[in-house]
Amino acid sequence: MLHSSSAPSQSSWKDGLRSKLLAIPPATILILWSAFTIFAFIWIVVASFKDNRELFANAWALPTAIHWENYVKAWAIARMGHYFVNSLVVVSISTFLIVAVSAPAAYVLGRVSFPGRHLLTNTFVVGMGVPYQVLLVPLFVLLTRIGLVDSLPGLIVVYVALSLPFTIFLLISFFASLPSELEDAAAIDGANEYQVFYRVMLPLASPGIITAGIFNFIGLWNEYMLALVMLNDQNKRTLSLALYGLQGSMQYTADWTGLFAGVVIVMVPTFILFLILSEYVIAGITLGATKG
Amino acid sequence: VRLSAQRFLREGQMRKERKRLIIPFLLPAAILYTVFFIYPTVDALRMATFDWSGFTPTGDFIGLANFQELLHDEVYWSTLKFTVMILLAGGVMIFGMAFLFTAILSSGMWGPFSKKVFRAILFFPNVVATVALATLWAFIYNRNFGLLNSFFEMIGIEKLSKVTWTGPGLITWAVLIAMVWIYVGFYLVLLLAGVDKISPELFDAAKVEGANQLQVFVNITIPLLWDVLTVAVVFWGITAIKQFEFMYAFAGIRPPREIWTTAVYMYVLSFGKRDAVFRMGYGTAVAVTLLILVAIFVVVARRLMRREVVQF
């Protein structure tokens with residue numbers, strides 16, 4: 001299937017033709033599927049510049065004028081600007097902390113042998129299988145008890161703790177895949193164990209660190225369930241939660257185009273990240289699954 | 001290899017030095033994980049045996065009464081049915097499409113660049129906020145102005161342009177199709193990465209032997225992809241069973257019961273402000289059944305997919 005090195009014999013030529021013909025229907029589906037995906041996102045951007053009357057008259061038509069006011073409404077009146085800042089702060093701090101806590105742990109679990117290492121690794125990794133619903137009530141109660149409920153620091157703590165299993169799992173495979181020569185050489189040159197980690201191993205693992213960071217940033221930027229449970233104060237909402245709120249109020253306002261402007265505001269940062277760093281995102285999924 | 005005595009000593013020392021990292025490097029993660037993950041998980045098992053509204057300091061211990069109540073809770077069973085439908089029907093569609101696209105993208109029909117572009121496009125919904133995707137699909141299916149109905153109107157299929165896609169009977173499939181669209185790219189990325197790891201020589205050898213593309217896919221690609229596929233299936237199980245955000249945001253402030261997953265039901269029971277049930281103990285019991293479902297799924301999937309290691 002790979003490498004169609006065409007042997008010049010008659011039968012293989014026929015086979016080649018037949019398999020090419022067979023490939024046409026699935027290839028068409030793939031092209032249509034991709035075209036639909038591109039169309040859907042371009043459409044929502046275009047629709048966010050229409051006014052509602054135009055949208056309802058014909059969803060497929062181009063806007064007759066650019067209605068920036070949808071964005072003004074979403075950004076200022078629906079306060080998406082404020083929530084954007086909330087999300088940026090919460091998600092950036094969470095992402096930094098997740099990586100700062102997970103990387104050293106993953107290094108030790110991936111490269112230092114000690115009794116109980118596998119048990120400990122499994123204890124972290126098994127957390128990936130726990131549906132968050134199990135944790136919702138106990139975490140809510142715990143945060144209430146320690147006075148962190150309905151606060152952004154509380155949400156950050158939840159985000160960090162719940163992201164540990166996947167991040168540690170991901171980084172263990174990155175650290176485990178690094179060659180030990182440099183580590184040994186640095187140590188033989190007299191670097192102490194901290195220097196070996198921070199000056200040699202961490203830089204070597206930087207693709208993994210970037211992958212872990214971007215993965216968590218995108219995931220947390222997009223999530224709204226935990227924020228919905230842990231936050232009550234409207235001022236503290238994250239951007240995705242605010243979009244959920246906007247969607248709810250849309251039932252009364254029927255302001256679809258304003259809602260679409262909100263959708264675009266939520267989408268733009270992760271779109272840009274993906275555009276620049278898609279290789280890292282994709283590496284993040286594939287490494288954990290295909291190692292070994 | 002002959003090690004000098006000095007170097008030998010140094011390596012032993014190094015290993016000892018590295019061991020000194022164990023506690024400081026693990027401690028922050030271990031503390032956070034214990035306090036905010038393991039403890040709540042254990043606490044959930046305790047709470048599931050309580051009748052508790054959340055307004056009193058503690059509830060009443062009722063043993064397994066919550067679970068007994070579940071057995072006769074029709075809403076619970078209908079949400080579980082939808083959850084399993086996403087897991088199985090959604091899973092079949094997602095993996096079917098992902099396989100089809102993997103086959104076509106690894107067939108050498110397109111160059112590596114086009115392959116990357118297709119992969120990125122199909123993956124893209126996975127980096128967009130679920131609430132944004134739910135909004136998009138809500139409008140696609142909108143009965144009066146939606147993209148789907150106005151498309152059918154445009155091409156002159158009057159009958160289809162009047163369908164309420166989010167009406168009874170259809171809405172579950174409407175949601176399922178959106179799920180497939182979102183997740184196909186994720187599993188495509190996984191499977192493609194698995195195919196890329198297969199040695200090209202195997203494909204060439206099969207070609208020389210006269211195998212056609214289908215034979216190659218069935219006899220080489222799938223067996224060598226099996227480990228990746230097992231991971232992917234387990235991952236889908238975990239993802240499918242906790243589905244919440246799309247359904248909860250799909251139809252405005254109050255999604256119709258037909259698209260309540262068990263995770264949505266859990267939220268409504270424990271925190272839902274609209275219906276204000278506030279049965280936190282019962283809600284947590286519902287959540288615990290989701291954990292059990294994940295465990296059963298993982299064990300069954302791994303057992304079913306276990307096979308002799310393929311070696312060439």
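A note on names: the letters A, B, ... follow the listed sequences, proteins ahead of strands, and every chain is numbered from 1. Because only heavy atoms are used, hydrogens play no part in the values below, and waters and symmetry mates are left out as well, while side chains stay in.
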### Task
Check whether the ring centres of B/Phe271 and A/Phe140 lie less than 6.0 Å apart, and answer yes or no.
yes
### Query
Can you name the ring pair (Phe, Tyr, Trp, His ring centres under 6.0 Å) partners of A/Tyr224, sequence neighbours left out?
A/Tyr244
### Query
Distance-only, no hydrogens or angles: does the A/Gln133 side chain make a donor-acceptor pair with backbone N or O of B/Tyr267 under 3.5 Å?
no
### Query
Parallel under 30°, tilted from 30 to 60°, perpendicular over 60°: which one fits the rings of B/Phe139 and A/Trp43?
parallel
### Query
Does the separation of the ring centres of A/Trp256 and B/Phe145 fall below 6.0 angstrom?
no
### Any donor-acceptor N/O pair, A/Tyr107 side chain to B/Phe25 backbone, under 3.5 Å
no
### Query
For A/Val263 and B/Leu136, what are the C-alpha separation, side-chain angles and deciding distance, and is it a side-chain contact (heavy atoms from CB on, under 4.5 Å)?
CA-CA 8 Å; A/Val263 166; B/Leu136 171 69; over 6 Å; no
### Summary
The reported gap from CG in B/Leu26 to CD1 in A/Ile168 (rounded to nearest 0.5 angstrom) is 8.0 Å
### Query
Parallel, tilted or perpendicular for A/Trp60 and B/Phe151, by the 30°/60° rule?
tilted
### Message
Measuring from atom CE of B/Met266 to atom OH of A/Tyr132, what distance do you get when rounded to the nearest 0.5 angstrom?
### Response
14.5 Å
### Largest heavy-atom contact set with chain A, pairs under 4.5 Å, which of B/Val127, B/Leu32, B/Ile238, B/Val294
B/Val127
### Query
So, for A/Glu279 and B/Arg119, which heavy atoms are closest and what is the spacing to 0.1 Å?
OE2-NH2, 3.7 Å
### Summary
With chain B, the option among A/Phe114, A/Phe36, A/Phe56 that has the most non-hydrogen atom pairs under 4.5 Å is A/Phe56
### Query
Where do B/Leu122 and A/Leu30 land on the side-chain contact (heavy atoms from CB on, under 4.5 Å) test, with the steps shown first?
CA-CA 9 Å; B/Leu122 263 67; A/Leu30 176 61; 4.0 Å; yes
